[in-house]
Amino acid sequence: MTNKLKYFIGNWKMFGDFSDFRIVQNINQFSFRTKSSLKKKKIILCIPSTLIHYFNKNLKNKFISLGAQNCHYYQNYGSFTGAVNAKMLKQAGAKYIILGHSENRSDGETNELIKKKIISSLKLKLNIVFCVGETLKERKKKNTFQVIRKQMTKSLIKNFDVNKIIIAYEPVWSIGSNKIPKISDLKKIVKYIKKDVKKALKLKNYPKVLYGGSVNSKNIRLFSSVHELDGFLIGGASRSTKEFIDIIKNYYK
Ligand code: PGA
């Protein structure tokens with residue numbers, strides 16, 4: 001269940017402009033400098049769609065990857081005002097895409113719609129960061145496992161290439177709140193997700209699972225004891241070069 005390669009994925013959300021290229025450049029430099037000293041790590045920054053092409057074009061010698069944060073489900077061009085599909089994001093330079101984030105689920109995105117987006121992104125060979133997680137109300141009702149299971153089984157299907165899908169467990173109540181789950185609870189949930197998806201999709205290996213929700217350079221040490229985790233989806237803290245780099249450094253301390 002434990003993999004050596006750890007993912008540190010930034011989710012910039014609806015923040016950032018062209019001048020933030022320096023953040024990307026600095027993190028890219030850091031990734032290069034620590035190639036041998038900080039064991040196996042993969043850094044990905046999921047940025048606003050409007051910045052992908054510019055950042056991708058200007059970043060020389062890429063030691064990190066760029067990703068998008070959502071897409072329209074339709075694979076071809078179509079009359080969908082304001083929408084951007086996986087093909088357009090791939091063309092702009094995205095290698096990864098976050099799908100099923102709770103901020104989009106709370107805007108009306110259903111499990112069925114997320115499945116369509118996964119299908120369309122997989123066709124384009126994008127790597128998917130598929131988010132699942134329970135709300136505070138669901139947690140209080142002790143429905144966490146049930147909720148996650150439903151999100152996974154309704155959006156993931158057997159013939160998906162799960163090598164291209166990373167599951168991010170993000171309890172909704174922990175996003176941007178400075179609250180994190182108890183480490184013992186987190187361990188249980190991560191193991192559950194790995195076992196459940198392996199069984200449901202009849203996989204040979206366990207899928208990769210990340211944790212997301214208020215990860216910062218101070219609490220990252222707590223998470224490093226959860227060996228089953230394959231990395232982190234980092235929101236607010238990924239918009240500061242220093243904080244993001246400190247998270248990675250402190251993880252390996
Ligand atoms: P946060 O966001 O790290 O700011 O809590 C995580 C996310 O929404 O992916």
Side-chain angles (χ1 to χ4, degrees), residues 6-16 20 23-24 27 41-49 51-52 64-71 89 94-109 114 117-118 121 126-136 138-139 144 147-148 151-152 155 165-183 185-186 189-190 193 207-224 226 229-251:
K6 302 293 175 190
Y7 289 78
F8 296 89
I9 307 184
N11 173 13
W12 279 17
K13 312 194 179 193
M14 200 172 70
F15 291 92
D20 290 324
I23 300 179
V24 176
I27 293 174
K41 62 180 184 315
K42 172 92 189 133
I43 301 177
I44 299 140
L45 292 174
C46 295
I47 57 179
S49 310
L51 303 179
I52 298 173
I64 64 168
S65 299
L66 296 175
Q69 303 168 15
N70 202 359
C71 68
L89 295 167
K95 298 268 189 295
Y96 286 77
I97 185 161
I98 297 174
L99 292 174
H101 193 283
S102 63
E103 283 153 13
N104 297 322
R105 289 180 187 266
S106 69
D107 244 4
E109 200 175 59
I114 296 163
K117 293 182 181 192
I118 296 179
S121 301
L126 286 172
N127 296 285
I128 290 152
V129 182
F130 168 57
C131 303
V132 296
E134 82 286 2
T135 62
L136 189 58
E138 290 161 342
R139 179 176 124 97
T144 299
V147 169
I148 298 174
Q151 290 170 336
M152 296 190 304
S155 296
I165 302 179
I166 304 171
I167 299 168
Y169 169 59
E170 294 208 309
V172 182
W173 50 271
S174 80
I175 295 176
S177 64
N178 252 327
K179 293 194 181 92
I180 57 168
K182 269 202 249 151
I183 292 302
D185 288 348
L186 181 60
I189 295 168
V190 173
I193 295 175
K208 293 183 216 55
V209 177
L210 314 179
Y211 168 75
S214 294
V215 173
N216 61 40
S217 61
K218 297 202 175 66
N219 62 27
I220 190 70
R221 286 297 303 153
L222 290 171
F223 294 117
S224 48
V226 187
L229 271 177
D230 296 294
F232 304 91
L233 183 56
I234 304 156
S238 70
R239 298 196 300 272
S240 148
T241 312
K242 184 173 178 338
E243 184 62 15
F244 190 71
I245 288 177
D246 282 349
I247 288 175
I248 303 173
K249 281 188 185 160
N250 292 348
Y251 177 82

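This one's a predicted model, so the numbers in the text were calculated from it and none came from an experiment. Just so you know, ligand 1 is whichever comes first in the structure, and atom 1 is the first atom listed for that ligand.
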Check your understanding: Got Glu170 and Ile98 here, is their nearest side-chain heavy-atom distance under 4.5 Å?
Key ->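 Counting from C-beta outward, Glu170 and Ile98 never come under 4.5 Å.
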Point to revise | Val24 side chain reached by Leu51 side chain, heavy atoms, under 4.5 Å | key: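 Answer no - side chains too far apart.
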If you look at every heavy atom in [X] and [Y], which pair is closest and at what distance?
X	Y	result
Gly67	Ile52	O-CD1, 4.0 Å
Ser214	Gly176	OG-N, 3.7 Å
Val215	Ile247	O-CD1, 4.0 Å

If the cut-off is 4.0 Å to any non-hydrogen atom of [X], which atoms of ligand 1 fall inside it?
X	result
Asn11	7 (C), 8 (O), 9 (O)
Leu233	9 (O)
His101	7 (C), 8 (O), 9 (O)

Is there a polar contact between ligand 1 and [X], counting only N or O atoms under 3.5 Å apart?
X	answer
Gly213	no
Gly236	yes
Gly235	yes
Ser177	no

Exercise for review: Please check if atom NZ in Lys42 has more than 12 non-hydrogen atoms from other residues, nucleotides or ligands closer than 6.0 Å.
Suggested key: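 Counting other residues, nucleotides and ligands, NZ of Lys42 exceeds 12 neighbours.
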Check your understanding: Counting only N and O atoms by type, is there a donor-acceptor contact under 3.5 Å from the side chain of Arg239 to the main-chain atoms of Asp20?
Key ->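 Side chain of Arg239 to backbone of Asp20: no pair is present.
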Review point. Of Phe223, Tyr251, Phe244, Tyr211, which is the lone residue that meets ring pair (Phe, Tyr, Trp, His ring centres under 6.0 Å) with Phe8?
Key: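 Result for ring pair (Phe, Tyr, Trp, His ring centres under 6.0 Å) with Phe8: Tyr251.
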Review point. Going by heavy atoms, is Gly176 under 4.0 Å from ligand 1?
Key: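 In this structure, Gly176 qualifies as a contact of ligand 1 - some heavy atom is under 4.0 Å.
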**Study point:** Heavy atom of the protein closest to atom 9 (O) of ligand 1 (residue, atom name, distance)
**Key:**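 Protein heavy atom with the smallest distance to atom 9 (O) of ligand 1: Glu170 OE2, 2.7 Å.
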Point to revise | Per-residue contact class, Ile175 against ligand 1 - non-hydrogen pairs under 4.0 Å | key: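 It is both backbone and side chain that touch ligand 1.
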Review point. Should one rank Lys13, Lys179, Glu103 by closest heavy-atom distance to atom 8 (O) of ligand 1, which comes out on top?
Key: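 That would be Lys13.
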